[in-house]
Amino acid sequence: MTTIKQVLCGAAVAGLVAGTGSAVVGAQAGLSTLTADWLLAAEHVLLLGTDGTNLDKILEYAYNDDSGFKMLMDRGITAATTIAGHQTMSTPSWSTILTGVWDDKHGVVSNVYRPEPYTTWPSVFNLIEYFKPEVDTTVISGRGLFTEIASTGGYPADNIIGISGGSTSAEMDALVTQETIARILATTNNPNLDTFMFSYQSQVDHAGHSYGGGSEEYRDAVINVGANWKEILEAVAAAEAATGDRWTIIAVTDHGHQQNPDLFGFSLGHGFQSPNETSSFVMLSLAGNDAQAGGQSLSYQTVDITPTILQAFGIPMRSDFDGVPMQADQDILNGIVFPVDLKQGLTDAINSFGYPNIGTDIMLSIRALAGGAGFFLESYALPPILNYLQTIIDQDIFLISGLAEGAQWVLKTVGGAAADVLTDIGRVVAYFTGAGVIPPNDAPLPLPGSAEFTGSVEALLADHAFATPDLGDSDLPLLLDVDPLVG
Ligand SMILES: [Zn+2]
């Protein structure tokens with residue numbers, strides 16, 4: 001059933017037309033045809049993220065009708081991608097995905113969160129909220145990184161949903177899935193509202209760190225995420241059927257995983273340049289583009305995702321993006337093929353990727369080790385030592401407990417400082433190995449209310465008045481720093 005949309009004024013129609021990303025069609029068709037249903041449909045973009053998920057494992061375990069991965073491949077275009085030559089760590093790689101620039105620009109080199117990269121290189125949330133504040137933007141994540149990024153800058157996302165609860169990452173992912181489905185279905189109550197949603201699944205990366213990418217646990221996690229995404233895609237189909245709205249769906253992972261289980265009770269899992277670690281993928285199902293169903297792209301990159309999302313809403317590109325809009329760039333469109341056997345085509349692409357050149361490989365390994373040292377000390381090495389000392393303190397043994405207390409104080413003070421120093425050294429090493437060395441061309445987004453602000457203040461205020469962040473569901477402070485295992 002297609003619902004006829006109520007349109008309040010000409011400006012709203014113009015906004016909706018721009019929102020379809022079909023400015024050419026609108027100009028050719030002329031204003032008299034703007035009452036066509038499809039032009040009035042809201043634009044929705046859903047970005048699905050899964051951490052540390054190897055495409056070859058998806059093809060091995062989840063290339064079947066029970067899986068949302070396969071549903072997405074059937075519905076749109078899939079690319080086996082590689083991030084060889086870039087750090088295979090989570091925060092650097094998600095920063096590339098959510099800013100449209102590589103690490104030589106955003107400069108994020110470790111999982112220690114700093115806001116500066118996202119005030120210098122605005123996130124997709126900031127760019128949408130600045131240029132099109134009427135788009136309802138949402139992040140749903142059990143991981144503090146994404147609620148942080150979405151909160152940073154002058155134009156935060158409207159709905160920042162930090163999911164807490166669940167005793168395992170699989171349970172947390174299930175909660176994320178439920179919330180995502182609820183919000184997709186809620187769009188049927190607000191049929192004229194354009195939306196952008198980012199929904200994040202963590203369990204595959206956790207399984208990779210604990211058991212290795214070649215483990216049964218990793219297989220189960222891939223299957224679980226596929227099942228979660230199937231439910232989400234079914235909710236999208238229900239919303240599309242109810243409203244006639246158009247949904248663009250993009251799926252991505254940040255990096256792959258080493259195959260072997262860890263040896264010391266923790267695993268680096270990824271961070272270096274082996275093909276299993278640099279392996280990544282992009283799936284794009286463009287709203288209304290059935291002609292590309294089942295296709296394979298030979299040229300998508302993870303850095304193209306932010307430009308692609310902006311293009312869907314008719315938002316201008318930054319001049320200094322490294323990525324391009326996948327649905328509009330002619331070179332990328334020329335790189336789409338329709339293999340007889342998609343699974344084989346993707347497997348061939350995965351197998352074609354190797355190591356970067358030896359200089360890049362060594363440089364990035366040094367950067368990963370230097371950048372990760374402080375985080376490693378603070379997250380993995382220090383807590384067990386402090387806990388051990390605490391057990392001695394708790395036993396209240398004459399003199400010994402006092403000594404332990406003193407030792408714990410020294411370690412807390414010096415250990416934390418050492419971690420900070422190591423993190424700083426890591427950033428210096430990162431800079432000299434090429435991270436964050438290229439400054440932006442474009443001016444920073446002006447702050448709301450400042451003289452240079454050229455967006456619509458009314459729209460911005462209205463947007464934030466009507467779409468109050470659902471803080472009842474969020475547990476932002478608790479989420480910070482509680483997830484060191486996702487690397
Ligand atoms: Zn990880």
Side-chain angles (χ1 to χ4, degrees), residues 48-58 81-84 86-98 103 108-113 141-149 163 166 168-170 172-173 176 198-215 217-222 224-225 251-281 302 364-365 367-381 383 423 426 430 479-487:
L48 297 172
T50 175
D51 210 285
T53 308
N54 282 101
L55 181 59
D56 64 343
K57 294 294 189 278
I58 292 172
T81 58
T82 177
I83 57 167
H86 304 280
Q87 263 185 297
T88 59
M89 289 175 69
S90 222
T91 304
S93 194
W94 285 114
S95 298
T96 294
I97 292 164
L98 295 174
D103 37 8
V108 177
V109 295
S110 80
N111 289 332
V112 176
Y113 184 80
S141 167
R143 180 174 183 182
L145 170 65
F146 300 109
T147 49
E148 284 274 35
I149 290 178
I163 300 290
T168 63
S169 56
M172 183 174 281
D173 286 354
V176 167
F198 174 52
S199 173
Y200 168 79
Q201 302 269 307
S202 64
Q203 63 187 287
V204 177
D205 189 63
H206 279 280
H209 281 291
S210 298
Y211 305 102
S215 65
E217 288 83 357
Y218 191 91
R219 174 200 64 197
D220 293 346
V222 168
N224 281 348
V225 170
V252 66
T253 193
D254 52 344
H255 52 69
H257 249 276
Q258 296 171 5
Q259 299 302 289
N260 296 324
D262 60 74
L263 299 172
F264 307 106
F266 63 88
S267 172
L268 288 175
H270 53 87
F272 299 97
Q273 290 290 304
S274 72
N276 276 327
E277 291 165 272
T278 55
S279 170
S280 48
F281 69 84
T302 56
L364 287 172
S365 298
R367 189 196 293 175
L369 289 170
F375 182 75
F376 176 81
L377 178 63
E378 205 154 17
S379 303
Y380 295 99
T423 299
L479 281 165
L480 308 185
D481 303 325
V482 299
D483 202 10
L485 282 178
V486 178

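Positions are given from 1 along the sequence. Whatever order the structure lists ligands and atoms in, that order sets their numbers, starting from 1.
Residue-level check: among N/O/S atoms of H209, NE2 sits closest to the Zn ion (ligand 1).
Contact annotation: the side chain of R219 never approaches that of K57 to less than 4.5 Å [non-hydrogen atoms, C-beta and beyond]. Contact of the S202 side chain with the D173 side chain is registered, since non-hydrogen atoms from C-beta on lie closer than 4.5 Å. Considering only heavy atoms from C-beta on, V176 comes within 4.5 Å of Q201 through its side chain.
A donor-acceptor pair is defined here as one N or O able to donate and one able to accept, closer than 3.5 Å; no such pair exists between the side chain of T253 and the backbone of S280.
Counting backbone and side-chain atoms alike, D205 contributes an N/O/S atom closer than 2.8 Å to the Zn ion (ligand 1). Between the Zn ion (ligand 1) and H270 there is an N/O/S contact shorter than 2.8 Å.
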